[in-house]
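All values below were derived from every heavy atom in this structure, side-chain atoms included, with hydrogens, water molecules and symmetry-related copies excluded. Numbers here are sequence positions counted from 1. In each ligand, atom 1 is the first atom listed, and ligand 1 is the first ligand listed.
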Amino acid sequence: MCSARTSMLIVCLPCQPIILVLLDITPMLPVLDGVVMELQDCALPLLREVIPTDKVEVGFKDLDAAILVGSMPRKEGMERKDLLNANVAIFKTQGEALEKYAKKTVKVLVVGNPANTNCLIASKSAPSIPKENFSCLTRLDHNRARSQVAMRVGVPSDSVKNVIIWGNHSSTQYPDVHHAIVNHHGKEMSGFDAVNDESWLKGDFITTVQQRGAAVIKARKLSSAMSAAKAICDHMRDIWFGTPDGEWVSMGVYSTGNSYGVPNDLMYSFPVMIKNKTWKVVDGLSINDFSRGKMDATAAELVDERDTALTFLGA
Ligand code: LMR
């Protein structure tokens with residue numbers, strides 16, 4: 001999911017056919033040609049054109065949707081501060097390019113890590129694009145949580161809905177099943193009742209989801225790819241077409257300080273419902289002390305990341 005290079009997919013909608021513009025750095029253009037060939041070879045009926053480019057003015061021109069997947073990954077021995085510094089530079093440039101070339105209605109999804117803070121920096125660097133148009137990917141964590149519960153209960157993953165990922169796409173994120181509903185062989189049950197193992201739900205379940213990205217990297221020696229791509233498609237499809245009635249999904253979105261006591265001016269993952277390409281935080285869910293502590297801990301990490309990143313942005 002993370003790479004040192006810059007790449008981006010652009011989807012031209014609202015109609016179903018899409019044009020993909022793939023932006024990468026010049027040395028990667030020969031590799032990009034291979035990606036174009038593979039896309040052509042998929043014979044995707046809705047894919048009308050693929051435009052590979054190393055030019056920002058081509059890559060960002062008149063975009064309806066931008067998926068920012070490239071960021072500087074953490075290398076051995078690298079301090080968190082160094083990682084933020086490098087990424088502030090990348091996402092400031094990309095935000096400025098969106099500001100200059102993209103449509104003001106563009107929907108921007110930030111995937112490159114640290115995704116929440118990168119997304120905040122990109123949005124601050126594109127002041128004429130509404131902050132609500134920016135989101136970062138926690139759908140991968142949402143899907144992981146859904147799947148872990150489904151496997152535990154022995155049902156298909158679509159029998160589990162309304163899990164929540166709160167906060168940062170990092171190991172402080174809080175995967176929460178307090179409001180989840182499981183269709184257990186025809187009977188709707190709460191997540192806790194269906195799983196029937198509170199210590200697992202409050203222990204290994206949470207740490208498994210929090211550390212899944214690192215576990216995939218350890219096993220594959222590469223970051224998640226297929227599951228990340230699936231989550232990106234899920235996220236963008238839901239922005240375009242909305243969430244099913246009665247269901248929410250998790251997305252990192254701009255916090256105005258008005259939901260769940262989360263501080264203002266953070267990209268924080270909340271449960272959201274989407275209609276007409278507009279997301280709304282699902283407010284009013286009850287939060288117990290266990291959840292509160294975890295939601296505050298991940299918020300504190302985001303405040304810290306933001307404050308460090310802003311010192312670089314101002315410099
Ligand atoms: C993931 O959750 O799989 C990735 O964000 C991990 C990473 O650092 O690339």
**Student:** Salt bridge or not between Arg212 and Asp141? Use side-chain N to carboxylate O under 4.0 Å.
**Tutor:**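 No, this pair does not count.
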**Student:** When you measure from the heavy atoms of Asn113 to every atom of ligand 1, does any distance fall below 4.0 Å?
**Tutor:**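 Distance cut 4.0 Å: Asn113 passes for ligand 1.
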**Student:** Please could you name the atoms of ligand 1 that His169 approaches to less than 4.0 Å, counting only its heavy atoms?
**Tutor:**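 Answer for ligand 1: 1 (C), 2 (O), 4 (C), 5 (O).
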**Student:** If we count only N and O atoms by modelled type, under 3.5 Å, do the side chains of Glu99 and Ser128 hold a donor and an acceptor together?
**Tutor:**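 A pair is found: one side chain offers a donor N or O, the other an acceptor, under 3.5 Å apart.
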**Student:** Output the list of atoms in ligand 1 that are nearer than 4.0 Å to some heavy atom of Gly213, sorted by atom number.
**Tutor:**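 Counting atoms of ligand 1 from 1, those under 4.0 Å from Gly213 are 1 (C), 2 (O), 3 (O).
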**Student:** Please collect all salt bridge (Lys or Arg N to Asp or Glu O under 4.0 Å) contacts where either partner lies in residues 232-261, sequence neighbours excluded, each pair once.
**Tutor:**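 As it turns out, the salt bridge (Lys or Arg N to Asp or Glu O under 4.0 Å) pairs with a partner in residues 232-261, which skip direct neighbours, are Arg139-Asp238, Lys230-Asp234, Asp234-Arg237.
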**Student:** If you measure from each non-hydrogen atom of Arg144 to ligand 1, which part falls under 4.0 Å: side chain, backbone, both or neither?
**Tutor:**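 The part of Arg144 near ligand 1 is the side chain, not the backbone.
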**Student:** Residue-level breakdown please: for Ile217 versus ligand 1, do any non-hydrogen atoms fall below 4.0 Å on the side chain, on the backbone, on both, or on neither?
**Tutor:**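 Just the side chain.
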**Student:** Can you run down the ring pair (Phe, Tyr, Trp, His ring centres under 6.0 Å) pairs that involve residues 262-289, sequence neighbours left out, and say none if there aren't any?
**Tutor:**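 Sorted pair list: Tyr268-Phe270.
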**Student:** Measure the distances from the heavy atoms of Arg212 to every atom of ligand 1 and state whether one is below 4.0 angstrom.
**Tutor:**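 Arg212 does not count as a contact of ligand 1 under the 4.0 Å cut-off.
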**Student:** Could you see which bit of Leu140 sits under 4.0 Å from ligand 1, with heavy atoms only: side chain, backbone, both or neither?
**Tutor:**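 It is the side chain that touches ligand 1; the backbone stays farther off.
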**Student:** Taking the basic N atoms (NZ, or NE/NH1/NH2) and the acidic carboxylate oxygens, is any pair closer than 4.0 Å for Lys202 and Asp176?
**Tutor:**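 Not counted as a salt bridge, because no side-chain N and carboxylate O are separated by less than 4.0 Å.
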